[in-house]
There are 2 protein chains.
Amino acid sequence: MSDLLERLRGRGWRMTAQRRVVAEVLDGEHVHLTADEVHARAVVKLPEISRATVYNTLGELVSLGEVLEVTTDKRAKRYDPNAHRPHHHLICAGCGAIRDVHPSGNPLADLPDSERFGFTVSNVEVTYRGLCPHCAAA
Amino acid sequence: MSDLLERLRGRGWRMTAQRRVVAEVLDGEHVHLTADEVHARAVVKLPEISRATVYNTLGELVSLGEVLEVTTDKRAKRYDPNAHRPHHHLICAGCGAIRDVHPSGNPLADLPDSERFGFTVSNVEVTYRGLCPHCAAA
DNA sequence: ATCCCATATTGGATAGCGTCTAAGCCGAGT
DNA sequence: ACTCGGCTTAGACGCTATCCAATATGGGAT
């Protein structure tokens with residue numbers, strides 16, 4: 001399971017109990033957790049861990065490119081451990097569930113220079129919205 | 001200029017000084033303002049207007065479909081008066097500024113059935129991120 | 001023109017989420 | 001084992017949005 005931990009060690013990331021626990025929580029989950037949910041799961045393994053450390057660690061993992069931040073609304077940000085494989089998101093407007101999806105095509109190429117307004121464009125996110133089978137039935 | 005005001009009146013929206021001022025602020029601007037920025041501009045025309053009213057009014061305009069809410073990060077939501085024409089967004093990672101863009105291509109068609117997981121997909125948002133000329137220089 | 005009341009507005013309180021700070025702790029190199 | 005820079009902590013703080021009870025007001029009815 002510890003591809004993530006191995007990669008972090010390999011980059012010279014200083015390993016501490018708190019950081020290991022946070023990384024393990026992300027590595028084991030396949031849903032997109034909020035910072036507080038990560039904290040709640042981390043506390044099970046390491047009761048003294050503080051919220052600040054979870055926030056710091058998540059921020060570092062994001063900077064390192066190992067984890068993605070997903071902001072879909074004004075509720076809490078969610079953290080996506082699946083950063084090694086490019087993907088986009090499909091979100092249910094009813095229940096808020098998120099699935100990873102892999103569209104074909106390259107949206108970055110679809111933005112002509114004339115539409116870039118001098119920006120250095122580095123990244124593109126595609127968010128599909130709709131209703132999941134369960135919410136569509138209700 | 002007052003297409004927006006006309007449409008609102010036509011829908012039987014009760015017109016008050018505060019609502020008119022908020023609508024005028026949005027109608028006159030071509031950038032995407034935060035609620036506080038809308039409030040700041042509204043105060044110039046109507047010094048007594050309260051934050052709560054601006055929030056209420058923006059919420060109603062969103063419900064009416066006259067204005068779009070754009071949530072890009074954990075900073076303030078921004079309000080997009082350009083709801084009548086489909087477009088996507090280019091966001092500066094430095095200062096949060098937003099520009100409307102019109103990419104070629106159709107991302108909805110890029111999501112194969114096998115990646116839809118039974119969802120009824122109704123909408124797609126494309127968000128380009130980068131640095132605006134000003135933030136790139138700093 | 002005036003009255004009336006459903007609805008809008010107000011400002012202050014409250015809540016959610018995230019960031020900051022000061023102080024102590026710890027791990028790795030010597 | 002010692003030292004020092006980086007890590008962790010608890011709680012204060014800040015920002016944005018929402019809620020609330022009291023007050024004011026638009027606009028139809030008279």
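Chain identifiers are assigned alphabetically (A, B, ...) following the order of the sequence lines, protein sequences preceding nucleic acid strands; residue numbering begins at 1 within each chain.
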Practice problem: Report yes if some heavy atom in the side chain of B/Glu66 is under 4.5 Å from a heavy atom in the side chain of B/Arg11; otherwise report no. | Solution: yes
Quiz prompt | Main-chain N/O of B/Leu111 paired to B/Arg116 side chain as donor or acceptor, under 3.5 Å | solution = yes
Quiz item: Along nucleotides 18-30 of chain C, 5' to 3', which nucleotides get a B, which get an S, and which get a -, given that the test is a protein heavy-atom distance under 4.0 Å?
Solution: BBB-----BS---
Quiz item: So does A/Glu115 pair up with B/Arg99, basic N to acidic O under 4.0 Å?
Solution: no
Exercise. Measure from CG on A/Leu46 to P on D/dT8 and round the result to the nearest Å.
Key: 10 Å
Quiz item: How many Å lie between CZ on A/Arg20 and C1' on D/dC7, as a whole number?
Solution: 15 Å
Self-check item: Whole-Å distance separating the CG atom of B/Leu61 from the P atom of C/dA8
Solution: 12 Å
Practice problem: May I have the distance from B/Ile49 (atom CD1) to C/dA8 (atom P), rounded to whole angstrom? | Solution: 14 Å
Quiz item: Between the main-chain N or O of A/Glu69 and the side-chain N or O of A/His32, is there a donor-acceptor pair closer than 3.5 Å?
Solution: no
Practice problem: Quickly work out the B/Glu48 CD to D/dT23 P distance and round it to whole Å. | Solution: 19 Å
Quiz item: Which whole-number value in Å describes the distance from A/Trp13 CH2 to D/dG6 C1'?
Solution: 13 Å
Quiz prompt | Separation of atom CG in B/Leu58 from atom P in C/dA8, rounded to whole Å | solution = 15 Å
Practice problem: Start with the C-alpha gap between A/His87 and A/Asp80, add the side-chain angles, then the distance that decides, and say whether side-chain hydrogen bond (donor to acceptor under 3.5 Å, both in side chains) holds. | Solution: CA-CA 10 Å; A/His87 62 274; A/Asp80 181 346; 2.7 Å; yes
Practice problem: Could you check how far NE2 of B/His39 sits from P of D/dT16, rounded to whole Å? | Solution: 14 Å
Quiz item: Any side-chain N or O of A/Ser50 less than 4.0 Å from the OP1 or OP2 oxygen of D/dT8?
Solution: no
Quiz item: Nearest nucleotide by nearest heavy atom, which residue falls closer to the 5' end of DNA chain D, B/Ala17 or A/Thr57?
Solution: A/Thr57
Practice problem: State, to 0.1 Å, how close A/Tyr79 and A/Val62 come at their nearest heavy-atom pair, and which atoms those are. | Solution: CE2-CG2, 3.9 Å
Practice problem: For D/dA24, take OP1 and OP2 only and decide whether either is under 4.0 Å from a side-chain N or O of B/Gln18. | Solution: no
Self-check item: Any donor-acceptor pair under 3.5 Å from B/Lys77 side chain to A/Lys74 backbone
Solution: no
